[in-house]
Every structure is written in structure tokens, then in C-alpha cells.
Asks: 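So that we are looking at the same thing, I have put the structure below in C-alpha cells.
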Amino acid sequence: MSGTINVLNVAEKPSVAKSVSSILSRSPNPHSREGRSRYNRIFEFNYSIRGQPCHMIFTSVTGHLMEIEFEERFRKWHSCDPVDLYQAPVCKYVPEEKNDIKRTLEEEARKCQWLVLWLDCDREGENIAFEVIDVCRAVNHHLVIRRARFSALIDREIHHAAQNLVEPNQLFADAVDARQEIDLRIGASFTRFQTMLLRDKFNIDFSADDKNLVLSYGPCQFPTLGFVVERYWEINSHEPEEFWTINCSHKSDEGMATFNWMRGHLFDYTCVVIIYEMCVQEPTATVKNVRQAEKLKYPPHPLSTIELEKRASRYFRMSSEHTMKVAEDLYQAGFISYPRTETDCFSSRTDLHIIVQEQQRHPEWGSYAQRLLDAGAGLWRNPTGGGHDDKAHPPIHPTKFSAGEPRWSQDHCRLYELVVRHFLACVSQPAVGAETTVEIDIAGELFSASGRVILTRNYLDVYRFESWGGSMIPSYVVGQQFIPTTLTLDSGVTRPPQLLSEADLLTCMDKAGIGTDATMHDHIKKLLDRFYATKDQNTRFCPTSLGEALVMGYDNMGYELWKPNLRSMMEFDMKEVSVGNKSKHEVLTTCLQQMKACFLDARLNKIKLLEAMEVFFERSNRSTGDEHHTAGEVVRSCGLCQEADMVLRRSRDGNFMVGCLGFPQCRNAVWLPGSILEAAVTRNICSSCSPGFL
DNA sequence: GCAAGGTC
């Protein structure tokens with residue numbers, strides 16, 4: 001073997017550079033010096049790779065080093081036709097704020113014989129690896145380039161990776177190149193097109209700073225908007241239907257039992273009346289069945305990013321964007337582990353007990369932590385995972401004890417508490433309850449009642465965010481007979497679903513593969529920033545007229561640009577590229593060809609987009625006048641808000657519409673076609689569809 | 001001024 005060689009090692013982020021350096025140098029604080037970028041230090045130590053003595057120089061980037069952009073002459077909005085953006089040359093460049101990292105890499109690469117890439121082992125990481133290669137090779141053509149493959153920051157894994165270096169995977173990087181290019185071309189072309197088309201035609205009046213009103217289109221943000229609009233439409237089109245049911249209760253010395261009709265509810269009034277009459281004539285109830293069973297309520301799986309966002313939204317009404325900001329703070333200060341992870345199971349190598357031990361001092365949950373560690377208490381249970389593992393980061397867990405820091409905001413305290421309590425819950429036994437179900441028979445009709453008592457709370461003692469409802473019911477024995485205390489015929493009305501909450505929206509995105517754990521909150525925030533949707537105090541999202549108009553415009557064209565399919569197809573193609581079934585060129589060509597055709601067609605049909613905007617901005621303009629308060633003929637009560645009446649009126653352009661008097665709080669409305677010359681409210685009921693009770 | 005993806 002020759003003498004010592006210099007090896008430049010690059011990780012995706014500073015924390016990984018430090019961890020890997022510690023492991024390889026077998027020292028908790030390896031020697032380090034400053035680089036040109038103040039975040040990315042350079043660690044130095046000696047190491048031996050397969051007998052070759054190496055002087056290791058270990059630094060990092062911060063995610064992608066480069067961005068993709070159109071060539072200069074296509075960057076200005078009016079410099080070209082947006083359709084040109086499907087062929088315009090694109091290039092990768094290092095943005096200004098990453099220049100110091102680039103310079104560090106160049107300076108160090110000149111001194112080295114080898115370059116070892118320690119980027120995350122996913123597609124994006126592989127792509128970043130090639131960005132680093134580009135920069136380093138430009139200043140040193142003789143570099144020997146190697147890739148370290150590791151899935152966890154633990155000794156065995158890291159030493160194994162260092163001793164078994166491989167080639168970087170061009171296919172993985174290609175998949176990301178294709179994704180970037182498609183996203184840029186589609187996003188920029190549609191954004192410019194719809195912004196320039198609609199901004200000048202409509203006086204879209206936003207109270208805030210709208211000097212740079214941009215109506216953006218993106219393959220992630222639009223499907224996200226699509227979910228919001230789709231739910232809103234589902235609510236609007238809901239026709240409340242009246243139903244009937246029979247309820248029965250029985251009061252005894254032990255308390256009250258409420259029995260539900262096992263038929264649930266029926267929409268046929270006559271039918272329910274006949275059954276009810278039978279029950280009233282022979283009201284004696286006979287107990288047919290009494291079941292007792294032990295039920296378990298399991299603690300949640302270890303915490304992934306999406307779950308953290310969902311739970312912070314549900315428990316504290318924190319937005320996912322704010323949650324990630326606070327989590328990042330806590331992570332930077334060392335209180336919680338890395339907050340961007342898909343993993344919801346702990347590696348068997350993680351020492352869970354040590355994490356619990358640290359929390360024993362806490363005034364609120366410390367005693368619970370002590371009980372967990374007491375083997376005699378039997379509270380401990382090894383956590384069960386949810387089956388997700390990104391092979392890079394553990395689930396989110398506390399890494400340092402705190403009883404609250406002076407600099408923390410209320411949200412920092414809450415989020416730290418959630419992470420700790422969630423962790424303690426994960427390693428706890430499930431809650432145990434006893435459930436009793438009683439079935440009775442009245443005149444041949446079956447009713448049932450159930451009750452539950454919690455026998456052992458276990459994890460519920462620490463996880464104060466969850467409860468397990470249930471009430472006691474008196475005891476019954478099979479064959480026992482009694483006369484019900486009440487037996488009533490009740491009516492109800494079917495309700496529309498609720499608007500999507502932030503947690504619902506995250507679930508929709510996760511299922512459809514829209515965005516990643518690190519970006520989903522960005523796409524949600526974008527809907528609010530672009531005035532496409534609003535969020536109420538209960539974190540529920542409602543599309544604005546603008547958001548609804550955009551989705552409706554494309555929907556009327558017959559395109560599913562606002563549905564998640566487009567992104568799923570792209571994801572599928574990316575996978576094909578990364579395993580070598582399709583080439584990057586092939587995927588780019590076909591995908592962009594299709595999107596260009598779609599773009600040209602959309603432009604040809606821009607009248608649909610304009611029409612959709614007219615509908616909503618007509619409606620929006622009206623709200624500034626007071627004419628919507630003028631009464632019209634009442635058609636029916638509003639099924640959406642269930643508070644005001646729907647009335648028939650003429651809109652400003654002379655067309656008929658049926659709108660809710662609750663406007664603008666309630667935006668329920670039906671717009672009749674302009675070809676209708678007369679409209680009136682009658683009591684006649686359509687004989688073919690015979691709508692039910694309204 | 002435009003996308004989505006890394007990360008500080």
C-alpha cells in the first residue's frame with residue numbers, strides 16, 4: 001500500500017457529518033475546523049479503508065446544492081410564450097446562498113485523491129451526490145469517486161459502509177432529474193398562463209398585500225386544493241334526508257340504560273310507524289343476550305412526521321407548518337430527535353430505557369416514567385411499529401430532558417410535551433376495559449345497549465390527549481323481562497360530511513402520495529398564501545371563490561389536473577427510471593409531450609376557465625352590495641347551513657339563481673343557465689325523481 | 001413573479 005491519501009467525505013447535512021465522523025474516529029468530539037459556510041464544519045481524523053491509510057476530511061452540504069432553472073432568456077414572464085417552456089433549455093446552477101458550501105467543496109477537493117459520498121440513501125440523496133460530484137470533479141479530474149451506503153447512524157452500519165464503498169447510482173439520480181424538470185416546466189407554464197389570463201380580466205380584490213398576485217399551479221399544490229374543493233362540493237350537493245328511528249330506555253335502581261334500535265334508522269316513515277305501534281302495544285322487553293368481553297385500547301405507534309403534524313393540529317390546533325418550525329427549533333437545541341422521518345418503529349438497537357430514565361425527574365410525568373421502569377409494575381411493553389421505515393431516521397423521540405426552558409413559547413412546551421408523552425405511551429401497556437352488550441326483544445324488534453368500564457388505564461395515564469369514553473349500564477340476565485321507561489319514535493336528518501381538517505388533508509395527501517413528509521406542510525400553507533383556501537378556527541379548510549373557480553375551470557375542460565392521478569403517474573414513472581425499466585429521456589419525452597398537449601388544449605379552452613371565474617367573481621362582487629339581503633321567493637331551507645332559507649332571485653346579469661340568505665357566512669347557491677327566461681317557485685313535485693322531504 | 005425537493 002502506498003502512503004496516506006486524502007479523502008473528502010460529504011454528508012447531506014451537518015449533523016450526519018458529525019455523527020459519522022464521531023463513529024469512524026471513535027471519538028465523541030473529533031477535531032474540526034470552520035469551512036466557508038458557518039453551518040457546515042469540517043471534521044478531520046485518520047481512518048483506514050481496507051488497509052489503505054486515509055486522512056479523512058468530512059464536511060456536508062445542506063440538502064440540494066443546485067437548483068434547476070430555465071436559461072436566461074426564458075426567465076422573464078413576457079420573454080416568451082409559456083408553451084415554449086416545454087422545450088426551453090434548462091440548466092442546473094448553485095444558487096447564491098449555497099456558494100460558500102460550493103467553495104468549501106472546491107478547496108477541499110483539490111487536496112484530495114478520493115471523494116466519498118455519505119448522502120442519505122434515497123433518490124434525492126443520490127441526486128445530491130451527483131451535484132457534489134459535479135462541483136468537485138470540475139476542480140479535480142482525477143478524483144476517485146465512491147458512495148457509502150448506510151441506513152442508520154450506528155457503529156456497525158457506518159464502519160461496514162466505509163469498508164464496502166460502492167458506485168453512485170446514476171438511475172436514482174436520473175429519476176430525480178426527470179421529476180425536477182417536469183415539475184419546473186409544468187409549474188412555470190401553467191402558472192404564467194393562468195396568472196396572465198385571469199389577473200387582468202378580473203378585479204380579484206384581496207385586502208392584504210396583493211401587489212404580486214400569482215395564481216400558481218403545481219403538481220402537488222393543485223391536487224391538495226382539489227381535496228379541499230371536492231369535499232366542499234360534496235357538502236354543497238348534500239341533500240338532507242329525514243329518517244326515523246325507535247329509541248328505548250330503561251331506568252332501574254342501578255341506573256339508566258339506553259337501547260338503540262338494531263335496524264338503525266329507516267327512511268320510510270309509514271314502515272317505522274307500523275313497527276313502533278307494534279312495540280307500544282306489546283312493550284314488554286325480554287333480555288335475549290348479555291355479552292361481556294375484555295377490550296384493549298392500544299397506545300399509538302412511535303411518532304413519524306405526519307403523525308406529529310396531525311396530532312399537533314388535533315390537540316393544539318397548530319398548523320403543520322408551524323409545528324415543523326417549532327419541531328426544528330427543539331431539534332436544533334437537542335431536545336428531540338430529527339423531526340423529518342417516515343419511520344414509525346424503533347430499531348431493536350435503540351436503548352428505550354435510557355430515554356425513559358431521563359424523564360423521571362419531570363414534575364408532571366416523572367412518576368409515570370418511574371412506574372414504567374419498575375419491572376414489578378408491569379407497565380412496560382416493547383413498542384409495536386406501524387410498518388414504515390425510511391432507513392435513515394428513528395421515530396421522533398425526546399433526546400434531552402427538560403422541564404421547560406425560559407426561552408420556550410407555549411407551543412414549544414406543548415410540542416415537547418407531546419413528543420415525550422407520546423414516547424412514554426408507546427412503551428406502555430394498552431388500556432384494559434370491560435365491555436358489556438345487552439340485547440333485548442320488544443314485539444320481535446331487537447334493541448341493544450352497551451357500556452364500558454376502564455379496568456386499567458395504563459398508557460392513558462400519561463397520554464392525556466386520548467380518552468376512552470364509555471359509561472356504566474345496569475346488569476341484566478338473559479330471560480329477564482321489564483317494561484321500558486321510555487319508548488319513542490324519533491326523527492333525524494342526514495348531515496353532510498364536515499370540511500376537511502388539517503389532519504384530514506394530511507391523510508388525503510399521504511394516501512395519494514402528494515408531497516413528502518418534509519414538504520406536505522408547505523403545500524398546505526401555499527393554498528392559504530395564494531388565497532385558494534381559508535382555514536377556520538377548527539383547522540377546517542374551505543376553498544375561496546378563487547380556488548373553487550380554478551378547480552372548476554379545469555374540471556369543466558375535462559382535465560384532471562387538480563386530481564392526484566397526475567402525481568401518482570409521475571411517481572410511478574420515477575420508480576421505473578430508478579430501477580432501469582425506463583430511461584430518463586423516455587419518461588421526460590412522453591410526460592412533457594402529454595402535458596404540452598394538455599396545456600395547448602387548456603389554452604384553447606380558456607373560455608371555460610374564464611366562465612368559471614365569472615360565476616364566482618360575480619358572486620363575490622355581489623357581496624359588496626346589499627342586494628343579497630333583498631328577499632326573494634323561498635324555495636326551501638338551506639341544507640348546507642341549516643339555518644337560513646334558500647331564495648329564488650335574479651343576479652345582476654339578469655340570470656336566475658337560488659341562493660342562501662345566510663350569505664356570506666353560507667355560500668350555498670345554484671346558478672340557473674342564462675337561457676332560462678322565467679323561473680318561479682311551485683309546490684309541484686317532480687314525478688320522475690320525486691325528491692324527498694327537503 | 002413560476003414547481004418541488006433537500007436543509008439551516
Side-chain angles (χ1 to χ4, degrees), chain A residues 10-17 35 37-41 60-70 74-80 82 84-85 88 90 92 94-95 97-98 100-101 119-132 172-173 175-196 199 209-224 305 324-325 327-329 331-333 338-340 390 392-393 509 513-526 529-530 561 566-567 570-571 574 592 595 599:
Chain A
V10 184
E12 189 158 323
K13 41 186 169 277
S15 63
V16 171
S37 152
R38 63 192 181 103
Y39 298 110
N40 307 80
R41 292 189 73 77
S60 56
V61 288
T62 45
H64 277 287
L65 188 57
M66 296 181 172
E67 274 175 27
I68 182 173
E69 187 47 287
F70 295 110
F74 295 94
R75 286 188 203 171
K76 287 261 179 297
W77 280 44
H78 292 278
S79 66
C80 68
D84 296 342
L85 300 178
V90 290
K92 278 193 169 190
V94 178
E97 72 272 14
K98 298 283 173 83
D100 45 8
I101 297 176
L119 293 126
D120 293 358
C121 289
D122 51 26
R123 294 204 303 247
E124 295 296 332
E126 210 65 35
N127 190 270
I128 299 170
F130 279 87
E131 294 174 354
V132 172
F172 269 43
V176 173
D177 279 342
R179 195 232 355 114
Q180 288 178 338
E181 195 176 323
I182 293 169
D183 283 346
L184 176 66
R185 292 186 191 277
I186 298 178
S189 59
F190 274 93
T191 299
R192 290 185 195 182
F193 158 66
Q194 67 185 23
T195 303
M196 295 195 280
R199 191 168 52 185
D209 46 327
D210 59 337
K211 56 184 186 299
N212 284 325
L213 174 67
V214 169
L215 307 184
S216 60
Y217 175 89
C220 285
Q221 51 177 280
F222 241 60
T224 306
T305 301
M324 290 313 289
K325 207 171 269 168
E328 182 67 29
D329 280 352
Y331 163 68
Q332 294 288 340
Y338 189 70
R340 283 179 288 278
D390 63 16
H393 305 285
M509 295 170 74
I514 302 297
T516 67
D517 54 337
T519 61
M520 283 159 74
H521 63 90
D522 275 339
H523 303 310
I524 294 177
K525 181 162 183 289
K526 193 148 274 177
D529 291 346
R530 298 284 191 220
L561 288 170
L566 178 67
R567 193 72 187 170
M570 276 173 62
E571 267 306 312
M574 296 313 109
L592 289 174
M595 285 308 297
F599 177 85

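Letters go in sequence order (proteins before strands), and every chain restarts at 1.
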Asks: Are any of the side-chain heavy atoms of A/Lys98 and A/Ile101 separated by less than 4.5 Å?
Replies: yes

Asks: Starting the side chain at C-beta, find the nucleotide from B/dC2, B/dT7, B/dG5 nearest to A/Ala518.
Replies: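 Nearest to the side-chain atoms of A/Ala518, counting from C-beta on, is B/dT7.
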
Asks: Once you round it to whole Å, what is the distance between P of B/dA4 and CE of A/Met520?
Replies: 13 Å

Asks: Establish whether the base of B/dC2 is bridged to the side chain of A/Gln221 by a donor-acceptor pair shorter than 3.5 Å.
Replies: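 No pair found.
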
Asks: Under 4.0 Å from OP1 or OP2 of B/dC2: is there any side-chain N or O of A/Thr195 that close?
Replies: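 Indeed not, no polar side-chain atom of A/Thr195 lies that close.
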
Asks: Taking 4.0 Å as the cut-off, does a side-chain nitrogen or oxygen of A/Arg530 come that near to OP1 or OP2 on B/dC2?
Replies: yes

Asks: Looking at every non-hydrogen atom in both residues, tell me the closest pair between A/Trp77 and A/Met196 and how far apart they are.
Replies: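 Nearest heavy atoms, A/Trp77 then A/Met196: O-CE, 3.9 Å.
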
Asks: Hey, does the side chain of A/His523 come within less than 4.0 Å of B/dG5's phosphate (OP1/OP2), counting only N and O?
Replies: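 Affirmative; the distance criterion is met.
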
Asks: Residues from residues 176-185 of chain A sitting under 4.0 Å of DNA chain B, heavy atoms only?
Replies: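 Only A/Arg179, A/Gln180, A/Asp183, A/Leu184 qualify.
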
Asks: How long is the line joining NE2 of A/His521 and C1' of B/dA4, in whole Å?
Replies: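 My rounded result for the distance is 12 Å.
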
Asks: Would you say B/dA3 has OP1 or OP2 under 4.0 Å from some side-chain N or O of A/Lys526?
Replies: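 A/Lys526 to B/dA3 OP1/OP2: side-chain N or O found under 4.0 Å.
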
Asks: Nearest-nucleotide wise, let me know which of A/Ser216 and A/Asp122 is further upstream toward the 5' end of DNA chain B.
Replies: A/Ser216

Asks: Nearest whole Å is fine: how far is B/dT7 P from A/Asp517 CG?
Replies: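 Result: 9 Å.
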
Asks: Any idea which of B/dA4, B/dC2, B/dG6 is nearest the A/Glu12 side chain?
Replies: B/dG6

Asks: Counting heavy atoms not belonging to A/Lys325, are there more than 12 under 6.0 Å from its NZ?
Replies: no

Asks: Taking only the side-chain nitrogens and oxygens of A/Thr519, find out if one of them lies under 4.0 Å from OP1 or OP2 of B/dG5.
Replies: yes

Asks: Using a cut-off of less than 4.0 Å, is there contact between a side-chain N or O of A/Arg123 and OP1 or OP2 of B/dA4?
Replies: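 No.
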
Asks: Which part of the nucleic acid does A/Asp120 contact within heavy-atom distance under 4.0 Å: base, sugar-phosphate only, or nothing?
Replies: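 Since only primed, P, OP1 and OP2 atoms lie under 4.0 Å of A/Asp120, the category is sugar-phosphate.
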
Asks: Using a 4.0 Å heavy-atom cut-off, does A/Ile68 contact any base of the nucleic acid, only the sugar-phosphate backbone, or nothing at all?
Replies: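 Touches a base.
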
Asks: Less than 4.0 angstrom between a side-chain N/O of A/Thr516 and OP1 or OP2 of B/dG6, yes or no?
Replies: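 Answer is yes, contact under 4.0 Å.
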
Asks: Donor-acceptor pair, A/Arg185 side chain versus A/Leu85 backbone, under 3.5 Å?
Replies: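 Yes; judged by distance alone, with no hydrogens or angles, the pair exists.
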
Asks: Can you measure A/Glu69 atom CD to B/dC2 atom P for me and round it to whole angstrom units?
Replies: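 Distance, rounded to whole Å: 10 Å.
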
Asks: How many Å lie between NZ on A/Lys98 and C1' on B/dG6, as a whole number?
Replies: 7 Å

Asks: Under 5.5 Å between ring centres and under 30° between planes: does that hold for A/Tyr217 against the base of B/dA3?
Replies: no

Asks: Can you tell me the distance, in whole Å, between the CE atom of A/Met324 and the P atom of B/dG6?
Replies: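 These atoms are roughly 11 Å apart.
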
Asks: So, the side chain of A/Tyr217 versus the backbone of A/Ser189: is there a donor-acceptor pair under 3.5 Å, distance only?
Replies: no

Asks: From the set B/dA4, B/dT7, B/dG5, return the single nucleotide nearest to any side-chain atom of A/Glu124.
Replies: B/dG5

Asks: Would you indicate what A/Pro14 reaches in the nucleic acid, counting non-hydrogen atoms under 4.0 angstrom: base, sugar-phosphate, or nothing?
Replies: sugar-phosphate

Asks: Without decimals, in angstroms, what is the distance between A/Tyr331 OH and B/dG6 P?
Replies: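 In whole Å, B/dG6 P and A/Tyr331 OH are 15 Å from each other.
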
Asks: Within the 4.5 Å heavy-atom criterion, are A/Met595 and A/Phe190 side-chain neighbours or not?
Replies: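 Yes; the side chains approach each other to less than 4.5 Å.
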
Asks: If only side-chain N and O atoms of A/Tyr338 are considered, is one of them under 4.0 Å from the OP1 or OP2 phosphate oxygen of B/dT7?
Replies: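 Answer yes for this pair, as a side-chain N or O of A/Tyr338 is under 4.0 Å from OP1 or OP2.
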
Asks: Which comes earlier along DNA chain B counting from the 5' end, the contact point of A/Phe70 or that of A/Glu67, where each point is its nearest nucleotide?
Replies: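 Result of the comparison: A/Phe70.
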
Asks: Using the side-chain heavy atoms of A/Arg340, tell me which of these nucleotides is nearest: B/dT7, B/dG5, B/dG1.
Replies: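 So the nucleotide nearest the side chain must be B/dT7.
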
Asks: Whole angstroms only, please: what is the CG-C1' distance between A/Asn40 and B/dG6?
Replies: 13 Å

Asks: Mind checking A/Gly125 for me? I need base, sugar-phosphate or nothing, with any heavy atom below 4.0 Å counting as a touch.
Replies: nothing

Asks: Can you tell me how far NZ of A/Lys76 sits from CZ of A/Arg192, rounded to the nearest 0.5 angstrom?
Replies: 10.0 Å

Asks: Are A/Arg530 and A/Ser216 close enough, and set up right, to give a side-chain hydrogen bond (donor to acceptor under 3.5 Å, both in side chains), and what steps lead you there?
Replies: CA-CA 7 Å; A/Arg530 298 284 191 220; A/Ser216 60; 2.7 Å; yes

Asks: Judged by atom type as modelled, is there a donor-acceptor pair below 3.5 Å linking the side chain of A/Gln221 to the main-chain atoms of A/His523?
Replies: no

Asks: Would you mind telling me which of B/dG1, B/dC2, B/dG6 lies closest to the side-chain atoms of A/Arg192?
Replies: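 Of the candidates, B/dC2 comes closest.
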
